[in-house]
Visitor: 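My structure is below; once you've seen it, I'll send some questions.
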Amino acid sequence: MKRIGITGQYGFIGSYLFNRISLRKEEFALVPFKREYFENAGELANWVSQCDVIVHLAAMNRHPDPQVVHDTNVELTTKLLDALKATQAAPQVIFSSSTQEERENPYGQSKRQGRELLHEWAAEIHAPFTGMVIPNVFGPFGKPFYNSVVATFCHQLCNGEQPHIDNDGLLKLIYVDELADHIIAAIREEKNDPLWLLPHTTECYVSEILEKLESYRDLYLEEGIFPALPDQFSVQLFNTYRSFIDHASYFPYKLKQHADNRGVFVEMVKLQQGGQVSFSTTVPEITRGNHFHTRKIERFLVIKGKALIELRQYNTDKVLRFELDGSTPSYVDMPVWYTHNIKNVGEEELYTVFWINEFFDPQDPDTYFEVV
C-alpha cells in the first residue's frame, strides 16, 4: 500500500485530491500534512520520511507584490528539498506547475524553477519525478478571487453581484476531478516525466463561461429549474456553480400549491434535461441514504409526512439540517461531495420523490457510503 502525502492539503486542489484518495483505502494510505511543517525542519523531515509519494501542491498564487509570490514558492520547494536530502528519502515526487511557466511572470518563473530543482534532485538519486504543467483548474469549492475566474463568477452570481470581464480571453480548462484522475494514475504507474504537459479538456472564452453561469442563476437559483446540461463540461460547470450557493439559507425550497375544490396541484421538478424520477415510502423513525455523490445532481422532494434531511460535506464536521413537511411541499438538492440522508420524523408514512440526472449504473454508481 502506497503512503501518500500532499503539501497544500487544505487548498483547493489539495483538499479535492485528499478526498479522492481517501476513497481508495484498499490501495492508498494518506499521510496528513500540516502547514506548520514548513516552519519546522524536524517535523517536515519526519513527515517526508513517512511518504512513498509526495504531491507538492503548496504554493502562493496571488499577492499584491509579485516578487513575494516568486520568493514564497521557491522557498517552499527549497524547504521540501532540504527535508528530502536530510532524510535521504527517495519517494516519488509529483510537482504541480502551471502553463504560466511560458509567460515569464514571477509566478510562472517560480513554478518552473521549483520543477527544475526537484527534477535535478530526483535525477541524482534515481527517484521517479513527475513535473506536471497544468492548465487552468476549476471545480467545486474553489476560492473566489484566487483560484480561478470561474470561482469568482460563481461567488458573485450566488451573492447578488454582477461579474465584470476585464479580458475576454480563451481559457484552456481542466476540471479538478479530471486533474485528480491524472495524479492518481501517475502515482499508480510511478510516472517519471520531468515535463508532463497535462491536456486541457475544454476551451472556452471568459464571456461564454459567464453566459452559462448567468443562465444557471436565472433558471436554477431564481426559478428552481434544472438547466439543459448537454455535455460533460456543462455538468461540471453547473456542479461548480451549485457549490457556491448558501445551502443553509436557500433550502428547503418551498413550492407553489395550486388549490381548488378538486384538491391541490404542485409542479415538482422542472427540467431542461432528462434523468430518472423515483419515489419512496418510509415508515416512522427510519433513515434512508447516508451516502454522497461526486458528480450526480439529485433532488429530494417531500410530498407527504414529515422529514429531516441532513447534509455534511465529506471530511468536514458541520451538519446542515432541514425540516420538511408534505403539507407544504418543498425540496432540498444534494450538492456534490455532501453526504446526505432523510429520516421520517413524523407519525405517518413519509412519501418522497427523487430526481437524479443519470440512470443508476452498477458498474459506475458514483455512490459512496458515509454516515452524516
Visitor: Kindly indicate whether a cation-pi arrangement holds for R242 with F238, taking the cut-offs as under 6.0 Å to the six-membered ring centre and within 45° of the axis.
Guide: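 The answer is yes, since R242 meets both limits relative to F238.
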Visitor: Tell me whether K34 forms a cation-pi arrangement with Y37, defined as NZ or CZ under 6.0 Å from the six-membered ring centre and within 45 degrees of its axis.
Guide: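 No - K34 does not lie over the ring of Y37 by the 6.0 Å and 45° rule.
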Visitor: Distance check, rounded to the nearest 0.5 Å: F300 atom CZ versus S330 atom OG?
Guide: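 The OG atom of S330 is 13.5 Å from CZ of F300, to the nearest 0.5 Å.
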Visitor: For A127 and P91, work out which heavy atoms get closest and say how close.
Guide: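 Distance-wise, the nearest heavy atoms are CB-O, 3.9 Å.
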Visitor: Under 4.0 Å between a side-chain nitrogen and a carboxylate oxygen: does that hold for E27 and R188?
Guide: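 Here E27 pairs with R188 in a salt bridge, since their nearest N and O are under 4.0 Å apart.
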Visitor: Please report whether the ring centroid of H293 lies less than 6.0 Å from that of Y368.
Guide: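 Y368 vs H293: aromatic centres not under 6.0 Å.
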Visitor: Assess the residue pair Q67 and D71 against the criterion (side chain to side chain donor-acceptor pair (under 3.5 Å)); give the C-alpha distance rounded to whole Å, side-chain angles, the decisive distance to 0.1 Å, and a yes or no.
Guide: CA-CA 6 Å; Q67 191 61 42; D71 295 347; 2.9 Å; yes
Visitor: State whether Y331 and R299 meet the cation-pi test: NZ (Lys) or CZ (Arg) under 6.0 Å from the six-membered ring centroid, and within 45° of the perpendicular axis.
Guide: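 The answer is yes, since R299 meets both limits relative to Y331.
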Visitor: With side chains defined as the heavy atoms from C-beta onward, is the minimum distance between F138 and Q236 less than 4.5 Å?
Guide: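 The answer is yes; the side chains approach within 4.5 Å.
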Visitor: Hey, would you say the F33 and F38 ring centroids sit under 6.0 Å apart?
Guide: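 They qualify: ring centres under 6.0 Å apart.
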Visitor: V372 pairs by side chain to side chain contact (heavy atoms under 4.5 Å, CB included) with which of T287, I309, N290?
Guide: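 Looking at T287, I309, N290, the match for V372 under the side chain to side chain contact (heavy atoms under 4.5 Å, CB included) is N290.
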Visitor: We want to know whether D333 and Y253 form a side-chain donor-acceptor pair, criterion being a heavy-atom distance below 3.5 angstrom.
Guide: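 No, Y253 and D333 have no side-chain donor paired with an acceptor closer than 3.5 Å.
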